[in-house]
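Written out below as structure tokens is the structure these notes cover.
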Amino acid sequence: MGMTPQSLAALIPPDFTLGVATAAFQIEGAVAEDGRGPSGWDAFSQQDGHIVNGDRADVACDHYHRMPEDVELLHALGVDSYRFSLSWPRIQPDGRGQVNQAGIDFYDRLLDQLLERGISPMCTLYHWDTPLPLEQAGGWLNRDTAYRLADFAGLAAEAFGDRVHRWVTINEPTTVTLNGYALGIHAPGYPGLFEALPAAHHMILAHGLSIQALRSANVPGELGITNVYSPVVSARGGFANDLMVELFDILHNAMFSDPVLLGRYSDFNPLLTPFLHYLTDVSPEDLAIMSQPLDFYGLNYYFPTRIAPGSGPNTGPDAIPEGVPEHMLEDSPDLPFHITGWPQYDRTAFGWPIAPEYLAVALTEMANRYPGLPPVFITEGGASFPDVVVQDALTLEPHVADVNRISYLGDHLAAALNATAPGGPAESIDLRGYYVWTLMDNFEWAAGYSQRFGLVYVDFETQQRIPKSSYNWLQEITSLRAADTSSLRR
């Protein structure tokens, strides 16, 4: 699309939220300081072969010690909102019982500094860092973990409820289920395939219980959940391919959004029952909890998925996420489908197809499936590219010219705004905002430090922060919007 900052600023509605997002485990470091307990991801990353280059998040971006510096980066960027997550093991090391006051104090300082600078906090309760004692007790395969997260929600509400403007209960239960409990390439590393479905159910139950806990605490902030959506298409025609598209769409999308937004698991072709039998016998009581009314729905989008029936080499981005070991490229005889690539699209450094038009498809499918959909935020969107630091010829300062990221973000933001504008295919959606993933380069889960998504380059040896061209680009958009708003007030 090649839109300029001026044309994008003009396209963005005045009350639209522009923000950036991070996750505690990926940026904070200080994993054994001030009473923080270990998480399942700490244990997973300590085992050989799980993380690219054997990387660890022990220091990451050192945000725990450099938080004021990072808040200043947010303030200078001019964004409306910052989406961050609470480290569950930093606040409640065992996942139950005693609270670690040092953890509370850290987020107290963060919230106060954000609000002092006019930045609206969006707080995620759970962004994958399960306290290790709960993980060792079965993690999300154990129904009890749902109740422990609800307890944690109550603690967070008591500590921070007066200052958080929006709450996200869980980030991407899809990814936790598929990568952590089905394929075993994320923590906790269980390769359970279709036996992972209870983990999905328990996370959505935890979401509902957490909404109840937050509402019982009378928090004034808005309440929602965030999930990743991937439009699914057939690699080739025919009944078998269409059946596998339906199966993957359930596993990646509908299984997580249907109980939240419809209060049920949707009907499916009976031929899929051997794979989805767990979803056929769910109590009405659970479904009532899972479908608590929401103030907003968070949608993350990165790429579409292309499915072919039968075993085969899983070469698509959703099959080989985040630099996992080479053996994942092999056939998967235990799966009735395989995921294929998108040769027609340019790709990110992860090999993900750059397909902004499928963000419009995702929004359109959500609008058609859920007529009563609450207001929507794109709570994550971004891309990794092989960023290189060079010395600016004029200023002699270090610089990263990430023009591919600027193009990516501009195209995706425009696609979302055009799709939901009057006359667009998803015009019924009340799109309220877009959060860039992510503020700064970080520990990118199984890919370690090999993939850079940030608007700010981080030198992980020195912890120097270097704003990239994309940071300056977004800063120009926020400045133009601020100037327009000021002129309207006059």
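Distance alone, capped at 3.5 Å, places no donor-acceptor pair between the S234 side chain and the G237 backbone. Counting only distance, with no hydrogens or angles, the side chain of R452 and the backbone of V458 share a donor-acceptor pair below 3.5 Å. The backbone N or O of L271 lies less than 3.5 Å from a partner atom in the side chain of N269, making a donor-acceptor pair. Although no hydrogens or angles enter the test, the distance criterion places no donor-acceptor pair under 3.5 Å between the side chain of T124 and the main chain of L86. A donor-acceptor contact shorter than 3.5 Å is absent between the side chain of Q451 and the backbone of A447. Within the 3.5 Å criterion, the main-chain N or O of Q475 finds a donor-acceptor partner in the side chain of S479. N253 contributes a side-chain N or O that, together with a main-chain N or O of S230, makes up a donor-acceptor pair within less than 3.5 Å. A donor-acceptor pair under 3.5 Å links the side-chain atoms of T280 to the main chain of H277, judged by distance alone. Between the side chain of H202 and the backbone N or O of P198, at least one donor-acceptor pair lies under 3.5 Å. Looking only at distances, a side-chain donor or acceptor of R481 sits under 3.5 Å from a matching main-chain atom of P14.
Taking CG of L279 as the reference point, atom CG of D267 lies at 11.5 Å (rounded to 0.5 Å). If you take OG on S85 and CG on D129, they are separated by 6.0 Å, rounding to the nearest 0.5 Å. If you take CG on L439 and CG on L74, they are separated by 5.0 Å, rounding to the nearest 0.5 Å. To the nearest 0.5 Å, atom CD of residue E28 and atom OG of residue S87 are 5.5 Å apart. Note that the CZ atom of F194 and the CG atom of L276 stand 7.0 Å from one another [nearest 0.5 Å]. Remark: D387 CG to D402 CG distance equals 5.5 Å, nearest 0.5 Å.
Using bins of under 30°, 30° to 60° and over 60° for the plane-to-plane angle, the ring pair F385/Y408 lands in the perpendicular bin. Relative ring orientation between W88 and Y126 is described as perpendicular, the plane-to-plane angle rising above 60° on a 0-90° scale split at 30° and 60°.
A heavy-atom distance below 4.5 Å is not found between the side chains of Y297 and P375. Side-chain atoms of V376 and R432, non-hydrogen and from C-beta on, never get closer than 4.5 Å to each other. Proximity of T175 to W128: side-chain heavy atoms (C-beta onward) are separated by under 4.5 Å at one or more points. Looking only at side-chain heavy atoms (C-beta outward), D80 and T478 stay at 4.5 Å or farther from each other. Residues L455 and M440 form no side-chain contact, since every pair of their non-hydrogen atoms from C-beta on lies 4.5 Å or further apart. Side-chain atoms of L272 and M244, non-hydrogen and from C-beta on, do get closer than 4.5 Å to each other. The shortest distance between side-chain heavy atoms of L149 and W140 falls below 4.5 Å. Between R83 and T379 the shortest side-chain heavy-atom distance falls below 4.5 Å.
The side chain to side chain contact (heavy atoms under 4.5 Å, CB included) test with V20 is passed by exactly one of F84, Y82, W437: Y82. Under the side chain to side chain contact (heavy atoms under 4.5 Å, CB included) test applied with I225, the options L125, L294, N171 reduce to a single match, L294.
H186 and Y181 form no side-chain donor-acceptor contact under 3.5 Å, judged by distance and modelled atom types alone. Using a 3.5 Å distance cut-off with no hydrogens or angles, the side chains of E222 and W167 do not pair a donor with an acceptor. Using modelled atom types and a 3.5 Å distance limit, the side chains of S469 and H399 yield a donor-acceptor pair. In summary, the side chains of E380 and Y301 do not present any donor paired with an acceptor at a separation below 3.5 Å, with no hydrogens or angles considered. Judged by distance alone, the side chains of H165 and S120 do bring a donor and an acceptor atom under 3.5 Å apart. Y434 and T17 are not linked by any side-chain donor-acceptor pair at a separation below 3.5 angstrom, with hydrogens and angles left out of the test. A side-chain donor-acceptor contact under 3.5 Å links E365 and Y229. Side chain to side chain, E72 and Q113 fail the donor-acceptor criterion of an N or O pair below 3.5 Å.
Annotation: side-chain hydrogen bond (donor to acceptor under 3.5 Å, both in side chains) contacts involving residues 203-213, sequence neighbours excluded, comprise T169-H207. Residue pairs that meet the salt bridge (Lys or Arg N to Asp or Glu O under 4.0 Å) test with at least one member in residues 275-298, sequence neighbours left out, are R143-D286, R215-D295. Under the salt bridge (Lys or Arg N to Asp or Glu O under 4.0 Å) criterion, the residue pairs touching residues 235-260 are D249-R369, with sequence neighbours excluded.
When all heavy atoms are compared, the tightest approach of M3 to L11 is CE-CD2, 4.0 Å. In plain terms, the two heavy atoms of C123 and V164 that are nearest each other are CB-CG1, 3.7 Å. The minimum heavy-atom distance linking I204 with P259 is given by the pair CG2-CG, 4.1 Å. Pairing each heavy atom of P425 with each of T364, the nearest pair is CB-OG1, 3.4 Å. Looking at every heavy atom in both residues, P121 comes nearest to L111 through CB-CD2, 3.6 Å. Of all the heavy atoms in T438 and A21, the pair that sits closest is OG1-O, 2.6 Å.
In summary, the aromatic rings of F377 and F296 are positioned with their centroids under 6.0 Å apart. Here W41 and W445 bring their ring centres to under 6.0 angstrom of each other.
The number of heavy atoms from other shown groups lying within 6.0 Å of CG (D346) does not exceed 12.
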Show, in sequence, the C-alpha distance, side-chain angles and deciding distance for L409 and L474, and conclude whether the side-chain contact (heavy atoms from CB on, under 4.5 Å) test is met. CA-CA 9 Å; L409 292 172; L474 184 57; over 6 Å; no
Q26 and H63: CA distance, side-chain angles, deciding distance, side-chain contact (heavy atoms from CB on, under 4.5 Å) verdict: CA-CA 9 Å; Q26 295 180 266; H63 174 72; over 6 Å; no
Run the side-chain contact (heavy atoms from CB on, under 4.5 Å) test on I339 and T305 for me, step by step, so that the C-alpha distance in whole Å, both residues' side-chain angles and the decisive distance to 0.1 Å come before the verdict. CA-CA 7 Å; I339 299 170; T305 303; 3.9 Å; yes
side-chain contact (heavy atoms from CB on, under 4.5 Å) between V176 and M203: does it pass, once the steps are laid out? CA-CA 9 Å; V176 178; M203 269 186 280; 3.6 Å; yes
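For Y107, there are no ring pair (Phe, Tyr, Trp, His ring centres under 6.0 Å) partners two or more places apart in sequence or in a different chain.
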Under 3.5 Å, side-chain donor or acceptor atoms of residues 150-163 against the rest of the protein: list the pairs with distances, not counting sequence neighbours.
residue: D151; atom: OD2; partner: R148; partner atom: NE; Å: 3.4
residue: D151; atom: OD2; partner: R148; partner atom: NH2; Å: 2.8
residue: R163; atom: NH1; partner: D108; partner atom: OD1; Å: 3.2
residue: R163; atom: NH1; partner: D112; partner atom: OD1; Å: 3.0
residue: R163; atom: NH2; partner: D108; partner atom: OD1; Å: 2.7
residue: R163; atom: NH2; partner: A159; partner atom: O; Å: 2.8

Could you go through residues 354-362 and list every donor-acceptor pair under 3.5 Å that involves a side-chain atom there, pairing it with any protein atom two or more places apart or in another chain?
residue: E357; atom: OE2; partner: Y345; partner atom: OH; Å: 2.8

